[in-house]
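The block underneath contains the structure these notes are about, expressed in structure tokens.
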Amino acid sequence: MPSDVRLDSPEQEHFLRELIDAGLLIESGVPGVYGHGAEFERVRAAFAALITEAGRASGAEQLTFPPVIPKRNLETAGYVGNFPHLAGSIFGFEGSEADARVVRERAAAHEDWSEYADQTDLMMLPAACYPLYPAIAARGPVPPGGVLVDIGAAWVFRHEPSLDPARRQSFRMHELVRIGEAEGVSNWRADWAKRAVELLSGLGLDARIENASDPFFGRAGRLLAANQSAEELKWELVIPIAGPEPTACASFNYHLDRFAETWGLRFADGTAAHTSCIGFGQERIVAALLRTHGLEPESWPEAVRSRLRLTSDEEGAGGGPRPGATVTAW
Ligand code: ATP
Ligand code: ZN
């Protein structure tokens, strides 16, 4: 096992083994990087469809971004400075024929060839919402009433190898982002925190909201985390999975006008907009469902299957609602 792998509880490691043995997760050889079996992915897609529908019902615009992001974006946003331990940079080869021969030999022997790799202008996307703020700012002034965007379930990367099946290096984060006037944005976040608890409790999960902070790096980071916590800028929806503590399965972040100042998100009269993003950890929610209701979605309580539209008469191809299906309120 590489030395940077986080040591997790035996219960978490045991649960990981169960998920792999049941074919729900597929091992890659690196902790925190897994393929998904068909059943796992069906449940994930079914849950994602509920969020997409809720977003659509509120008039959300759908925008999709790739799992890589310009390095410049994350530098400007402060991500590189605040979370250097989680960031993933992309390196590429730009050497000569002779260099390539060395790389080929070292790679074949699984030896270090990193001296032949140069940093590119791309990094791995660490949270779904980063590409959105400059994209909206580029449109010009924020329209009155603001904007609401559903970014969908984006693939994100965080360098935090672990044997906890709920702590991945590569996972999908479904984010909704609201940009607008201070009061509207803050109410939107509070509203969604309530709706999310209702939604997940309705799926038989023991969900509650807690005040939280981001894992900022180092001593300066501890101060940032303390401020974030004191101002209640981050709430998490936690659910018991396999750890000693319940796991954060969704987060509700209020950035005040920080991102607006960074990216120039202003109304026509020059006032800075406020922004908020909410992120659902897709794999954590599936893991919570599997842990709570058992490893076979077919034997889950009927009410849970029906809310996720996994029941055979309601389900479309791959889970989720049929096209044109009636939306159930939750
Ligand atoms: P930002 O404010 O920078 O956009 P964020 O709030 O979107 O960050 P987090 O709160 O850290 O980012 O993550 C959102 C959700 O993603 C978490 O609530 C959790 O469910 C899930 N998540 C975070 N880290 C992991 C991980 N390592 N493995 C699996 N799921 C994760
Ligand atoms: Zn976000």
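Indexing begins at 1, ligand by ligand and atom by atom, following the structure's order. Please read all numbers here as calculations on a predicted model, not as lab measurements.
Annotation for ligand 1: atoms under 4.0 Å from non-hydrogen atoms of C129 are 4 (O). Atoms of ligand 1 lying under 4.0 Å from any heavy atom of R167, numbered from 1 in the order shown and given with element: 27 (N), 28 (N). Applying the 4.0 Å criterion to heavy atoms of G281 picks out, from ligand 1, the atoms 16 (O), 20 (O), 21 (C). Close approach to Y130 involves these atoms of ligand 1, each under 4.0 Å from a residue heavy atom: 3 (O). Atoms of ligand 1 lying under 4.0 Å from any heavy atom of A250, numbered from 1 in the order shown and given with element: 18 (O), 20 (O). Ligand 1 places these atoms under 4.0 Å from at least one heavy atom of A248: 18 (O), 19 (C), 20 (O). Listed by number with element, the atoms of ligand 1 under 4.0 Å from a non-hydrogen atom of K234 are 6 (O), 9 (P), 10 (O). Against a heavy-atom cut-off of under 4.0 Å, N253 is close to the following atoms of ligand 1: 2 (O), 5 (P), 6 (O).
A donor atom on one side chain and an acceptor atom on the other are found under 3.5 Å apart for D112 and S114.
Between Y79 and Y130, the angle of the ring planes goes over 60°, which puts this pair in the perpendicular group of the 30/60° scheme. Ring geometry for Y254 versus H274: interplanar angle of 30 to 60°, hence tilted.
Scanning the protein for heavy atoms near atom 31 (C) of ligand 1, the closest one is F171 CE1, 3.2 Å. From the protein, the heavy atom lying nearest to atom 1 (P) of ligand 1 is A127 CB, 4.2 Å. Here the protein heavy atom with the shortest distance to atom 13 (O) of ligand 1 is M173 CE, 3.5 Å. In terms of protein heavy atoms, atom 30 (N) of ligand 1 is closest to R284 NE, 3.2 Å. When only non-hydrogen protein atoms are considered, atom 11 (O) of ligand 1 lies nearest to R158 NH1, 2.7 Å.
Taking the centre and axis of the six-membered ring of F15, the NZ or CZ atom of R291 falls inside the cone set by 45° and 6.0 Å. Judged by a 6.0 Å distance limit and a 45° cone about the ring axis, R195 is positioned over the six-membered ring of W192.
Taking Ile, Leu, Val, Met, Phe, Trp and Tyr as members and joining any whose side-chain heavy atoms lie under 4.5 Å apart, directly or through other members, F91 forms no hydrophobic cluster with any other residue.
Contact annotation: the side chain of E236 never approaches that of R208 to less than 4.5 Å [non-hydrogen atoms, C-beta and beyond]. At least one side-chain heavy atom of L256 sits less than 4.5 Å from a side-chain heavy atom of E231. By the 4.5 Å heavy-atom criterion applied to side chains, P297 and R42 are not counted as neighbours. P126 places a side-chain heavy atom less than 4.5 Å from the side chain of L74.
At a heavy-atom cutoff of 4.0 Å, ligand 1 is contacted by the backbone of C249 but not by its side chain. Of all the heavy atoms of A166, the ones lying under 4.0 Å from any atom of ligand 1 belong exclusively to the backbone. Residue E175 touches ligand 1 through its side chain alone, judged by heavy-atom distances below 4.0 Å. Counting heavy atoms closer than 4.0 Å to ligand 1, residue R168 contributes atoms from both its backbone and its side chain. When non-hydrogen atoms are compared, ligand 1 lies under 4.0 Å from the side chain of E160 (C-beta onward) but not from its backbone.
Rounded to 10°, the angle that OE1 of E175 and SG of C129 form at the Zn ion (ligand 2) is 100°.
To the nearest 0.5 Å, atoms CG (L24) and CG (L16) are separated by 11.5 Å.
Residues satisfying the ring pair (Phe, Tyr, Trp, His ring centres under 6.0 Å) criterion with H14, sequence neighbours excluded, are absent altogether.
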